[in-house]
Structure formats: C-alpha cells, structure tokens
Amino acid sequence: MNVLFTKLTEAAGVEFLTRGQTEMTLASKLSQERRARLAAERLLEQKQAELQAANRKLGRHAQKLSEEIVETRAQVQTVRDENQRYRSDLSVAQEKVLIAERRLWHSIETIRDGFAFFDQDGVMIGANRAWTGVFDGIEAVRPGITLVEMLQIATEEGIVNIGDEDPARWRARMMARWHEPSPEPVALRLWSDRYVRVIHQRGAGGDVVGLAIDITATVLYERRLRDARARAEAANRAKSAFLANMSHEIRTPMNGVVGMAELLGDTALSEEQKLYVDTIRQSGEALLVIINDVLDYSKIEAEKLVLHPAPFDLERTIHEVVMLLQPAARDKGLDLLVDYDLFLPTRFVGDRGRVRQVLTNLIGNAVKFTPEGHTLVRVVGLPGADGTATHLHVTVEDTGIGIAPDKLPLIFDDFSQVQGSHDRPFEGTGLGLAITQRLIGLMGGQVWVDSEPGVGSAFGFRISLPQAAEETGAPPPEVPEGLRRVLVVDDLEVNLAILTRQMQTLGAEVIRCHSGAEALRRLDGQVDLVLTDHNMPGMDGLELAQAIRDRGDPVPVVMISSNPGPAELDPARRHLAAVLQRPTPRRELFRVLAGVLAPPAPVFATRRAVTPAPPAPPAPEGRRLCLLAAEDNATNRTVFARMLRGAGIDLHFASNGEEAVAMWRDLRPDIVFMDISMPGVDGKEATRRIRAAEGDGDHVPIVAMTAHALDGDRDEILAAGLDHYLTKPMRRAAIHEAIRALRPDGVADPFAASEEMDAAG
Ligand code: ADP
C-alpha cells in the first residue's frame, strides 16, 4: 500500500511527509518564504529606486523642455520683432526707392540730352522727353517700342537726315552697330538741322543705356573753325606768294645796287668815295641776308622748304664758311679754328646749301657775339649701326659774351634776341637760330646750346648723314711716313690742343711749346717737323724759322697762319717748307706733310721746293667766246656787261625772249645767260623754243638768271630745259665761274688775259 500510496501521491504530485519531515519542511518553507519575501522586498526597493531615478530623469527632461519652450518662445518673439522691423524697414525702403526713382526720372527729364534704356532685345523700357521729343511727338515712340520700329519711324518720317544714303541700308547699318559688343558713338543730323551724338552702353544683364547728346554747338563751332582755317591757309599762301614776289621785286633793284657798287669799287676813287661805295655794297649785302632770312622763314612756315640732298664735302663746306667769316674775325683779332676729326670721312649726302646756312648762322653768331678770344668749330662722328649713315656732332664754341640762363630756353624762338632793342650793339633779325633749329629738324637732327655769361657759348647740332658713295670704302687718309717727333708751337692753348691731337692721331710724338723761345730751347736733333703758329708774342713763326736756320738746323718748318698773305712776302718765308692757311682742311694738311716729309735728297732744297712759285699763266689759246645774254632790265644789262669787262668775250644782249630765240639762231653762241621773268616770251618759253629748234643736235648751255628763290621755281626752270641756275643779285665770281665751266673746247679762257693784267697791276 505504501508503495501504491507513494506512487499515487507521486502520480498526483502529492508528497506525503513524515512528521519530522513535515516540521522540517515547514521551517524550511518559512525560511524560504522569508527569503522570498526579502528578495521581493529587495526587488521592490530596487524597482522603487529605479522608479525614482526615472522620475528624476523625467523631471530633468521636463525642466529642459520647459526651458527650451521658454527659449523658443523668446526666439519667436525676437523673430516676430525682427519681422516687424523688416516689414517697416521694407516699406521705408520701398518709399525711398519710389522717391529715388521719382528723383532719378525727374533728373533724367531735366537733362537736355536724350536718355533711354532698352532690354537686350532692343525693346525700349523707358526714355526721357528729350529722347522721345526727337521723334516730334509721334505717339508710337513710347516704352515697349522696339529699336527696329524706332529706326523705321526715323527714316519714314524723315526724323533723321540720312543724306543720299538708302534708308534700308542706313537702318541695317544702325542695327549692325547696335549688335556690336561696344558700339562706337554715332553722330546723326536731325530734320531740324540739329546734331546729336548717340552713345549706347551695354550693361551686364544685356540692358542697353542710350544717350543722345546735342552736339549742334560743337558741330557749328568746328565748321566755323574749318572755315577760319581755310581762310587762314589761303591768307598764308597769299603771304608766301607775296613774300616770294617781294623778294623778287627787291632782289632785282638790289642787283643794280650791289653790282654797281662792286663795279664802282674797282674804279679810281678817293678814300672817302671808296668808303661810301663799300658802305653801299655792304648795306646791300646785309639787306639781302635779311631778305633771305625772311624768305626762308616764310618758306619753312608754309612748309614749302624742301631739302635737296646730294653728295657734298662737309669739311670743305665748313672751311668755306670759315673763310667767308675770316675777315670779320680778323678785324676783331679773333682766332677762327676748325677741329675736324682727322679720320672722319668728309663726303656725305645732304643738302649742302642748308648745312652751309646752319653753319653760317652758328659760326656767324659766334663771331658776332665774341669780342675777344676765339671761336672753334669741332666735328666728331660715329658710324651708324647700318654702316653707312654717320652720326655727326658739330659744335661751335666761342669765348664771347654768353647768354644768361633764363634766356637760354627762349633762344631758338622766332624773333628772339637776348639784348633788348635799345641796348643792342649787334645787328640781326632774331630769325637765324629759329631757322637753324627748323632746318636741323627737317634733317632729322637736334640743336642744343650751352652757355655761361661772360665765359662763352657752345651751340651744337647732331645729324645723321649717309656717306657719299665714293667715300664709302675709300681708304683713310695716308699717314705721312717719317713723322715720328713733331714740335708744335702755339701761344694759344686750344690751337696747341688741336694740333697735338691731330699729330698724335697720325702716330707722332708731340713736343708742345707755348712760344718760339721755348721751341728753341727744346728743339733737339731728333725732331722731324716743326709746326708753328704765325703771330705769337715775343717771337713770331717767321722769326722762329729764321732762328732755327741760324742754328744750322735743317728741320722742316711749316707755319700755320690766319693771314698768310703778308707772310708770303716776308724774306724769312724761304725758311719755311710751307705756309698753311688756318683753319687748314685735312686734305691740305696731309698733302703738305707728305710733301715736306718726302724722302730726303738734298734735304734742304727738296723740302723747300714743296711750294714752288706758281707757273706763269699760259697765253690764251683758241677763238673768242660768244655769249648771248637775255635781260629786259637795262640796269641789269649794264651790270652784266661791266662784270665781263676786259674778258675775251663777244657779248650780245637780247632784251626779251623772242629776240633771244632769234639771236640764238643767227649767232649760235657758246653760252646763253637767260633772265627768267621777261615780258612777253619769258626765259622758260624762250629756252623751250631753243631746245625744240636744236632737236637732237647741238645743245647750247643755258644759264638761268632769276630772282626767284622758291624751290618750285628751280624745278620748273630746270624742267624748261635750262641747264644751270644763278640767283640774283648776280656776283661777278659766280658769272665767271659759270663761264669757265661751260666754255667749250677750242675756245680761249676769256679771263686769262685780264687775270694776268690783275696780277701785273
Ligand atoms: P640774330 O643773330 O639775327 O639776332 P639769332 O636767332 O641768330 O638772331 O640769335 C638770337 C639771339 O641769340 C641773338 O640776338 C643773341 O642775343 C643770342 N645769341 C646767338 N648766338 C649767340 C652767341 N654765340 N653768343 C651769345 N649770344 C648769342
């Protein structure tokens, strides 16, 4: 049964315990329960703690949320406030914009010029009344109109005066212009004869602002200016023509005055009469210089002056000018010196006449404004980069009165003279330097000046001239052989410096002496040449040569003199190997040095034979020259005849062109001198007829005699068939020179006999 019971209880899940077991079970159950209760209590405590923690967290969260709500509320309030403020600001701004727009339009309306703006398709967005007013109240011209329509109206209604241009073409031209990225301003003439300049400016967004500026006043002003300029140019041409004519009119009688005075001077006169005649001649010549200045100036002014470049010798040109001014310098006791770089070429291509004129001006001024001391022309040069054009640098220095610094900047101005007219001891027109500057400017060069009052002035110019063809590649001048030691004597430091440099350039050693006495002291047997000045204080050049010979020294002595005439007559001349004119052209110096230093054989005699006495003139051979001169002015005929008096010439006169042609047929002269302005058939026409009659046969040389000095005249004269050209007043030397040059073979030198007579007389 127990087993069954047990099994049943087991099956029923009932435990049947013993009493002990039961007591045990109870106690353990109780403790179990207590433990379970304790565990439950602990769990409860834990849950309570968790709950409290959750509550605290919740509280904190709630706190945070409420804080956030407060903050958000504050923000909302701020935003609201700001919104409110923005709103009111916006309405203020809108108001301001409206005011600004109103003001802008008001301003745009008040400007006199047209103003409009367009969108990128050319539709007008707005325009002021000045713009629309141009369209003369045509209704359609208002915002919304397109540019195409506006151009259509402009041409159809005749708003714009497009002249002869086809309207469609004009519109196409305007549209093409509109499409350019930055259209050029365009001037339009309106129906009312007013002018507007239309400017279009493209903005960033494609909008275009248009401005139409009224330029009527400017256009009318320009037109007036153009008219005035045309009138002034006409007046200027008239002035030039007047000056050319006046110069002609003055030159013709001046020919009589200067020519007759020259002839009168050759007759037997008392001292007093000679003075009068010289004064007449000099005044006449001075007057001619002034006329030439004025004429040149007006030619440059009228831009009529043309340069005639041709090969010429610069050094010779300088020497010619210096020779011409030598008498004036000598009268004042001035030394006129030239320092032309020994190895610089001398032949260039340029307008010789104009270069000469510039030199005459500068050197003439230097002489004029220098009471004592010297004037020095210095020429140096550098070959140009292209190998042929040489950059020439010419300076004219003097030891004269100088120019005050404040006057220097004005010195090249027209009619500028430093001395006021009341305290002027010097003559002149004040045009010389202005002409000089313009001439050098025409040659592409520059002029400059440097001066110190009481010390002197230096005027200079720079020009670049091509070397003359025959000079390019020409060998440099040959250095004379045997020139090792040279003793140079001059009391003037500049002269000594120039000579020293020249001799050193030739490779010689130089002993410099300031006086004859010093030269004698320093002369030893090793010197090859003595180069001495003529006039020196104490002992002059001739005395020095004498003293050298007295010592028995055969060294060749060459003397350089500003006035060699008297020296040639001095008995001591025989001790000199040569006398050179100062300033000495380089070729002359080389020639003389080469001769003097020629290989010795009997030394003394050879050296002295360098400048032999000129051979007696040969007796004239051949037939007499036949000369025909055509001249309508009786005085000029007389002058011409007198200038040829004593010459071996059969002279025939024609008094007009027609007569000249007829006489040429009869006489068949060797040379014809032809006045250009003659009544009826003038010189040019007469020449044309002679040339036509000659055909391809003989060609008689015809020399023009003219007072015209304008360039165009010269070309015209030569074009008419004349071969040569002499300007009045005619000078005896120029006539003689022309005749000599043109004398045909077989005709005797017409002046040989008269010169012989001159020499004898
Ligand atoms: P002109 O000599 O006919 O008066 P220029 O134009 O040649 O006219 O010269 C203008 C002026 O410049 C002269 O009047 C003179 O006052 C001054 N001048 C020119 N050259 C010199 C010089 N070498 N020394 C001092 N003054 C000079």
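As the structure lists them, so they are numbered: ligands from 1, and atoms in each ligand from 1.
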What do you reckon, does F459 have a nitrogen or oxygen under 3.5 Å from a nitrogen or oxygen of ligand 1?
->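 In fact, backbone or side chain, F459 has no N or O that close.
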_Check this for me - ligand 1, N361, N or O atoms closer than 3.5 angstrom, yes or no?_
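There is no such contact.
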Below 4.0 angstrom from a heavy atom of [X], which ligand 1 atoms are there? Numbered from 1 as shown, please.
X: G432; result: 5 (P), 6 (O), 7 (O), 8 (O)
X: I411; result: 12 (O), 17 (C)
X: K368; result: 1 (P), 2 (O), 3 (O)

Regarding [X] and [Y], does a basic nitrogen lie under 4.0 Å from an acidic carboxylate oxygen?
X: R732; Y: E737; result: no
X: E262; Y: R731; result: yes
X: R226; Y: E233; result: no

Margin query: Below a 4.0 angstrom heavy-atom separation, can you tell me which part of T370, side chain or backbone, both or neither, approaches ligand 1?
Written below: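 Neither part.
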task = Check L433 against ligand 1 and report side chain, backbone, both or neither, counting heavy atoms closer than 4.0 Å.
result =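 Both parts.
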**Report entry** Flag, side chain of R330 to backbone of S562, donor-acceptor distance under 3.5 Å
**Finding:**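 Indeed, once roles are kept as given, a pair shorter than 3.5 Å links the two residues.
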Below 4.0 Å from ligand 1: does a non-hydrogen atom of [X] turn up there or not?
X: D398; answer: yes
X: K407; answer: no
X: S457; answer: yes

*Do the ring centers of F348 and F312 come within less than 6.0 Å of each other?*
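Between F348 and F312, the centre distance exceeds or equals 6.0 Å.
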- Sequence neighbours left out, what passes side-chain hydrogen bond (donor to acceptor under 3.5 Å, both in side chains) with D682? Give chain and number order.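 Once residues adjacent in sequence are excluded, D682 has no partner under the side-chain hydrogen bond (donor to acceptor under 3.5 Å, both in side chains) criterion.
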Notebook entry, point to check: With sequence neighbours left out, what residues match R378 under salt bridge (Lys or Arg N to Asp or Glu O under 4.0 Å)?
Noted result: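 Testing R378 for salt bridge (Lys or Arg N to Asp or Glu O under 4.0 Å), a comparison that skips the adjacent residues, returns D339, E397.
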